[in-house]
Structures are given as C-alpha cells and as structure tokens.
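Here is the structure we will look at.
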There are 2 protein chains.
Amino acid sequence: MASIKDVAKRANVSTATVSRVLRNAGNVTEETRQRVLEAIEALNYQPNVLGRYLRRMETETVLVVVPDITNPFFSKVLRGIEAVALEHGYQVLLGDTQNDVRLEEQYLNLLPQRQVDGMIFLTARIRKELVEEMARQFPIVLACEYLEGADIPTVSIDNISSARKATEHLIRLGHRRIAHLSGPMNIILSRDRLRGYQQALAQHELEADAALVQEGDFTYESGYNLTLKLLALEKPPTAIFAANDEMAIGAIKAVRHRGGRVPDDVAVVGFDDIQMASIFEPSLTTIAQPMFEIGQKAMELLLALIEGTSARRRQLVLPDRLVIRDSCGGERSA
Amino acid sequence: MASIKDVAKRANVSTATVSRVLRNAGNVTEETRQRVLEAIEALNYQPNVLGRYLRRMETETVLVVVPDITNPFFSKVLRGIEAVALEHGYQVLLGDTQNDVRLEEQYLNLLPQRQVDGMIFLTARIRKELVEEMARQFPIVLACEYLEGADIPTVSIDNISSARKATEHLIRLGHRRIAHLSGPMNIILSRDRLRGYQQALAQHELEADAALVQEGDFTYESGYNLTLKLLALEKPPTAIFAANDEMAIGAIKAVRHRGGRVPDDVAVVGFDDIQMASIFEPSLTTIAQPMFEIGQKAMELLLALIEGTSARRRQLVLPDRLVIRDSCGGERSA
DNA sequence: CTCAGTTATGTAATCGATTACATCTCCATC
DNA sequence: GATGGAGATGTAATCGATTACATAACTGAG
C-alpha cells in the first residue's frame with residue numbers, strides 16, 4: 001500500500017505539500033498540485049485515515065446506540081440521523097444492544113477511547129450518573145428516551161400527554177374498562193406512557209384496576225400473550241392501549257384467537273405509527289411520532305455539541321399526533 | 001485525558017510495561033502489574049484505540065453494507081452478523097446505502113483507507129470489476145446477493161430453485177395465470193427469482209405472458225401499485241408470486257382494495273418469511289430464508305479471511321424452505 | 001536595486017500505543 | 001564463583017498523516 005511518503009517521493013515534494021493538496025489547504029501552486037495529483041493517481045493512493053485520526057484526535061464518526069435494530073421504529077429514527085450525518089461528512093456506527101444494559105455501558109466506553117466523536121442513545125437504561133459523568137466530557141445526545149433530571153441534550157415527544165390523549169380517545173368512545181400493555185418498567189418512556197394512561201383514567205374518574213396493566217417488552221409476542229391473560233380476567237377490558245404498535249398488533253391477534261373481533265369486542269390503540277400500523281387490518285389507531293425528524297434533530301444537536309457551537313435549546317420536544325383509524329371503531333353503544 | 005505515558009510515570013515503569021499489562025502479554029511481575037493497574041485506576045485511564053490502530057494497522061471493525069436498514073429482512077441478517085462479531089471482539093459499522101449505488105462505492109473505499117478490517121455486502125449493484133479488484137486486496141464477503149462469475153466468498157440461498165418451488169406450488173394448486181412481482185432488474189437476486197418463476201412455467205408448459213411480470217422495488221408500495229395494474233389487465237392473474245413479503249402484502253391489500261379476496265380470488269406467495277408474514281392475515285405462504293444463519297456464516301467467512309485462515313468452502317448455499325400458510329388457499333376447483 | 005511582505009515549500013515534531021531489540025536481574029548448574 | 005538462560009524491564013523506532021515552525025522564492029513598492 002502506498003503511503004503519503006511514496007506520493008511525496010514520486011511527485012518530488014515533501015509530505016507536507018502532499019497533505020496540503022489532500023486537505024485542499026491553499027498555498028500550493030497549481031503546477032505542484034497537478035504533479036501531486038498525478039502521483040496520487042499513478043500510485044492509486046488512498047490516505048490512511050488512522051494516521052489522520054490519531055493526529056487530529058477525531059474520527060468524524062458517531063455511534064448510535066439502539067436497543068433493538070429489528071424494531072422498525074428505530075430504523076426510521078436511524079434514517080433521520082444518517083441523513084444529517086451524511087450531509088456533514090460523518091459516518092454512523094451502529095451499536096445494537098439487543099436490550100442488554102451491559103452492552104449499553106460497553107458502547108459508552110468508546111468515547112474516552114476516542115473511537116467515536118459523539119454518541120446518540122435511543123435507549124437509556126444505563127445508570128444515570130455514568131451517562132452524566134461521560135456527558136460532561138464528551139458529546140452525548142439522547143433521543144426518544146431521556147434521563148430524569150439530567151442536563152443532557154434530548155429529543156423526544158411528550159410521552160405523558162400523548163398517552164393521555166390516546167387513552168382519552170378510548171374514554172370518549174365510551175370505554176370504561178381500558179387495559180394498558182406497557183413497555184418494560186425500567187424504561188422511563190414506559191413509565192411515562194403508563195402515567196399518561198393513569199392520568200386520563202383519573203381525570204374521568206375511572207377506577208384504575210391494577211390487573212388491567214400488564215408489563216410487556218415491546219415485542220409482538222408479549223402483546224399477544226399478555227392480551228390472552230387480560231381476556232381471561234373475570235371482567236375483561238373492552239379496550240386496550242398498547243405502548244407500541246407491535247404489541248397492539250399482538251393484542252389484536254390474541255383477541256381474534258379467542259374468537260373476538262376488533263374493534264367491535266375490544267378496541268385497540270397503539271403507539272409509534274410504524275408503517276404496518278396503516279397496512280394491518282384493522283388499521284391501527286395510534287400515536288404518530290415524527291421518527292425521521294427525531295433522528296434529524298438528534299444528529300443536529302450532536303453536531304452542535306461536537307463542533308462546540310452550543311445549541312440554543314438543549315431539550316427538544318417534538319409534536320406528535322393521534323391518528324384515528326379502524327382499530328377502535330366508532331362510539332360505543334353499550 | 002490521561003495517556004499511557006502518564007500511567008507509566010505514575011506507576012514508575014516504562015510505557016512498554018504498561019502496554020504489556022494492558023495487552024495481558026506475560027512477562028510482568030505480579031507486583032508491577034498491580035502498580036500499573038493502580039495507576040490506571042487512579043488516573044481513570046482508557047487506552048486511546050487510535051494509537052493502537054495505527055500501529056497495528058487494524059481496527060477490529062467490520063462494515064456491513066445494507067441496501068435498506070428499514071427492511072426487516074436485513075436487520076435479521078444483521079443480527080446474525082453481530083452475534084458472531086461480538087463473540088470475536090469485532091465491532092460492526094453499519095452502512096445504509098438507501099439503494100444508492102454511489103454510496104455503495106463510497107463505502108467500499110473505507111477498506112484501503114484502513115478504516116475497517118473487512119466488509120460484508122448485503123447488496124451488490126456496484127460494478128463487478130471494482131469489487132473484484134478490492135476483494136483481491138481486502139477481506140470482502142457477499143451475503144444474500146452474489147456477483148456472477150466472481151470468485152468472492154458468498155453466502156446465500158439458491159434463489160432460482162426456491163422461486164421455482166414457490167411458483168410450482170401455485171401451479172400445483174391449479175393456477176394457470178400466475179403473475180410475478182419482481183425486484184429491481186439490476187439486482188441478480190431479482191433476476192434469479194424471475195428465472196425460477198419462468199422455469200416453473202416452462203416446465204409445466206404454461207404461457208409466459210410478459211404483461212404478468214411487473215418490476216417492483218421490494219417496497220410495500222410497489223407491490224400495491226403493480227398489483228392494481230395487474231388486476232386491470234383484460235385477463236388478470238389468479239395468482240401472484242411476489243419477490244419478497246412486503247410486496248406480497250402490498251399485493252394482498254390491492255386485491256382487497258379492488259373488492260377481491262385472498263386467497264379465493266387471487267392467491268399470493270411471498271419470499272423471505274419476515275415476522276409479519278405469519279402475523280398478517282391471511283398469513284403468507286412464502287419462502288423462508290435462514291436470515292440469522294446467513295448473517296452468522298457471512299461473518300464467519302469474513303473472520304476467516306481477515307485472520308488469513310482461508311475458509312474451506314467459499315461459496316455457501318444455505319437451505320431454504322417453502323412455508324405454506326393461508327395466502328394461497330387449497331386446490332383450485334375452476 | 002533593496003527590503004518588506006507574501007506565498008510556496010520543506011523539516012521535523014507530534015498524536016498514543018505497540019514492539020523489536022537491548023539491557024539488566026536473578027537463579028540454577030556445574 | 002563463573003556461566004548460561006530465563007524472565008523482567010527499559011529504550012527507542014514505528015505506524016501515517018498533520019502541522020508548527022523554518023526557510024526559500026517571489027512580488028511589488030520605494
């Protein structure tokens with residue numbers, strides 16, 4: 001492999017000059033520039049980025065830590081991140097934790113090792129102090145998730161109010177026994193959606209039956225299994241608010257499996273508005289998150305941190321909206 | 001940030017000794033080892049990997065080039081890759097080309113720049129000579145896709161035979177007008193599936209009506225739109241073989257949109273067996289690819305290349321199987 | 001023609017870790 | 001007690017590019 005020295009030798013200049021041509025840093029005669037370019041061409045030279053990295057102590061690479069890459073919600077957010085990254089010449093390294101907190105911590109360590117210039121976490125189960133400590137020294141942005149009381153730049157929606165909105169929609173349709181399929185309780189996001197659900201019940205003076213809240217893990221399977229449990233209750237719910245669309249689809253399948261119909265027997269509301277939400281039948285009523293935009297904004301915040309131009313607003317709350325489709329039907333007669 | 005020199009100074013040893021402790025390369029007294037470890041602890045030292053990379057000229061990072069990360073098929077393959085990579089201490093960099101060939105070429109260039117030790121391509125639209133040239137010097141593995149006549153390690157299924165199998169299943173059920181929703185024709189994989197479809201028709205002496213073959217792009221939308229076109233034909237098909245599950249689901253939705261039923265009016269077969277294939281109603285008859293295993297094997301091949309232990313078999317063809325579900329119904333009476 | 005100021009180019013230090021090689025210490029053996 | 005060899009540690013070169021600083025070449029004003 002040709003190195004910058006070989007190019008310098010062939011073009012009869014110093015390595016400094018070659019570097020200047022490469023970096024497009026002025027002060028090079030057109031004539032020498034041409035000679036250098038010819039040498040590069042002739043030797044098929046590609047600069048070894050590791051040398052550059054070491055000297056400049058930056059890699060122009062950011063890491064995105066994802067809890068589950070097979071989840072379409074996250075791949076959409078990722079797309080937003082990639083779009084902005086590409087535009088600014090950054091590479092995106094992907095860390096899939098597969099919901100394993102230890103992996104999350106491991107990835108965090110890439111920062112002091114200088115392997116990446118910054119990180120975006122789409123998950124935040126890690127100890128808060130750890131992240132805060134790291135965030136003091138290195139660029140870190142949270143997206144979708146956040147850490148209570150931590151002053152770390154964050155992009156998300158208001159999960160409490162949107163969960164309340166979703167639940168209220170069911171109440172408005174006349175439902176009184178509304179179940180909630182939550183996400184894992186060690187995730188703030190899940191707790192927020194649960195809280196929104198509870199707030200809506202309280203505001204309408206509906207009883208909060210603990211048996212109606214089941215903790216899932218955002219997978220289709222958990223939605224399916226927990227719904228079977230709900231349906232086996234002495235007084236089963238007439239509506240289910242699931243903390244994401246995949247669990248909502250699982251819920252619908254379970255209702256059908258038991259011979260019920262959606263929305264007639266049980267109404268279902270999801271969360272996220274992944275593509276399948278509009279394709280599946282019945283199509284899902286759900287909370288639409290601006291996934292792509294969340295990714296974009298998160299990457300923009302991160303760039304601002306990396307480049308030292310501190311962003312004005314460090315905590316971004318993006319608008320969501322309730323999309324009404326077929327899975328919760330019209331007003332309830334009974 | 002503390003560097004290895006600071007640690008050496010504090011522990012009163014040379015940097016060489018510190019490095020030996022870090023690398024766990026013997027020949028260090030337990031006593032000095034302890035002293036070094038204490039210094040590392042005290043300074044909260046993290047080795048800067050860029051230094052190591054430069055010296056050793058390897059990054060223990062591999063890049064996976066994916067045409068579309070939002071496609072669940074690829075994220076499953078990715079999981080298989082990650083599993084093996086993690087086990088061997090490699091990191092996985094993700095390159096999402098969003099179906100843009102130019103990006104594919106750009107990623108290829110990370111190899112001579114030494115940014116990554118090897119690459120796995122889950123797409124191969126790039127010029128064959130380019131890849132071959134690069135593959136002579138650097139570890140490259142193709143998965144899912146392959147390049148005709150190129151001697152590059154590859155993991156895939158036999159797309160021709162599996163497409164034939166899928167089509168034959170429809171013929172066996174009594175269908176005579178079978179349409180094919182293909183992938184983009186600049187992809188070998190799409191051409192193979194088309195060929196398998198044509199072979200099946202030919203073997204059963206069925207007419208190959210060009211109007212029944214429509215070129216899609218693997219998205220739900222293309223499946224939907226092309227099916228509307230098919231249904232508008234003077235003699236519409238009674239069965240559709242789609243080159244992937246997402247287009248198959250699009251096809252089903254289009255049939256329904258036109259008031260038809262699946263499988264009664266039109267039978268549909270998909271390809272890949274993504275999770276949604278079994279959840280969607282009617283559940284999809286489809287070709288199941290061993291996605292996770294494709295990823296695993298690809299990464300294993302790549303590791304063998306990187307570590308110089310040439311793999312015995314360089315072209316792996318994994319078994320697929322036809323999964324029969326509800327979308328093509330039973331034998332046809334008419 | 002001279003001198004200051006600009007522009008082009010070269011020299012060599014630097015980033016941080018790894019490692020070939022040199023040196024030193026210690027111990028066992030004869 | 002001399003010798004050899006193994007083991008521990010240190011010295012310094014090295015990876016490849018960048019860049020501070022030095023120097024050379026050139027330009028234009030006086």
- Salt bridge B:R136-B:D151, side-chain N to carboxylate O under 4.0 Å: no

- Item | Separation of atom CG in A:L22 from atom P in D:dA17, rounded to whole Å | 8 Å

- Under 3.5 Å, is there a donor-acceptor pair between the B:Q34 and B:E30 side chains? yes

- Task: Report yes if a side-chain nitrogen or oxygen of B:R20 is closer than 4.0 Å to either non-bridging phosphate oxygen (OP1 or OP2) of D:dT9; otherwise report no.
- Result: no

- Validation row: A:M299, A:E87 side chains within 4.5 angstrom (heavy atoms): no

- Touch check for B:T17, heavy atoms < 4.0 angstrom, all strands: base, sugar-phosphate only, or nothing? sugar-phosphate

- Note on the structure: Only residue of B:L93, B:V92, B:D96 satisfying side-chain contact (heavy atoms from CB on, under 4.5 Å) with B:V64 is B:V92

- Item | Distance in angstrom units between B:K5 NZ and C:dA17 P, rounded | 9 Å

- What is the distance from CD1 of B:I4 to P of D:dT14, rounded to the nearest Å? 19 Å

- B:I120 and B:V77: CA distance, side-chain angles, deciding distance, side-chain contact (heavy atoms from CB on, under 4.5 Å) verdict: CA-CA 11 Å; B:I120 297 177; B:V77 176; over 6 Å; no

- Item | Considering all heavy atoms, the nearest A:L22-A:I40 contact | CD2-CD1, 3.9 Å

- Touch class at under 4.0 angstrom, heavy-atom based, for A:N48 against every strand present: sugar-phosphate

- Task: Round to a whole Å and report the spacing from CG of B:N24 to P of C:dT19.
- Result: 14 Å

- Please evaluate the base of D:dT14 for a donor-acceptor partner in the side chain of B:R55 within a cut-off of under 3.5 Å? yes

- Classify the nucleic acid contact of B:D6 as base, sugar-phosphate or nothing, counting any heavy atom under 4.0 Å across all strands shown. nothing

- Message: Tell me the interatomic distance from B:E60, atom CD, to C:dA17, atom P, rounded to whole angstroms.
- Response: 16 Å

- Query: Within this structure, what is the NZ-to-P distance between B:K9 and C:dA17, rounded to whole angstrom?
  - Reply: 13 Å

- With DNA chain D as reference, determine whether B:M57 or B:A16 sits nearer its 5' end, using the nearest nucleotide of each. B:A16

- Query: Reckon B:V13 touches a base, only the sugar-phosphate, or nothing at all at heavy-atom distances under 4.0 Å?
  - Reply: sugar-phosphate

- Task: Pick base, sugar-phosphate or nothing for A:L50, based on heavy-atom distances below 4.0 Å to the nucleic acid.
- Result: nothing

- How close or far is atom C1' of C:dA13 from atom CG of A:L54, stated in whole angstroms? 13 Å

- Task: Look at the side-chain N and O atoms of B:T15 and state whether any lies under 4.0 Å from the OP1 or OP2 oxygen of C:dT18.
- Result: no

- Query: Taking OP1 and OP2 of D:dT9, is either one under 4.0 Å from a side-chain nitrogen or oxygen of B:T29?
  - Reply: yes

- If only side-chain N and O atoms of A:R52 are considered, is one of them under 4.0 Å from the OP1 or OP2 phosphate oxygen of D:dT18? yes

- Between B:R56 and C:dT19, is there a side-chain N or O to OP1/OP2 distance below 4.0 Å? yes

- Message: Expressed as a whole number of angstroms, how long is the span from A:R33:CZ to C:dT7:P?
- Response: 18 Å

- Shortest side-chain distance from A:S14, nucleotide among D:dG10, C:dT11, D:dT19: C:dT11

- Distance below 4.0 Å between A:N27 side-chain N/O and C:dT7 OP1 or OP2: no

- Task: Please state whether the phosphate of C:dA17, meaning OP1 or OP2, lies under 4.0 angstrom from any side-chain nitrogen or oxygen of A:Y53.
- Result: no

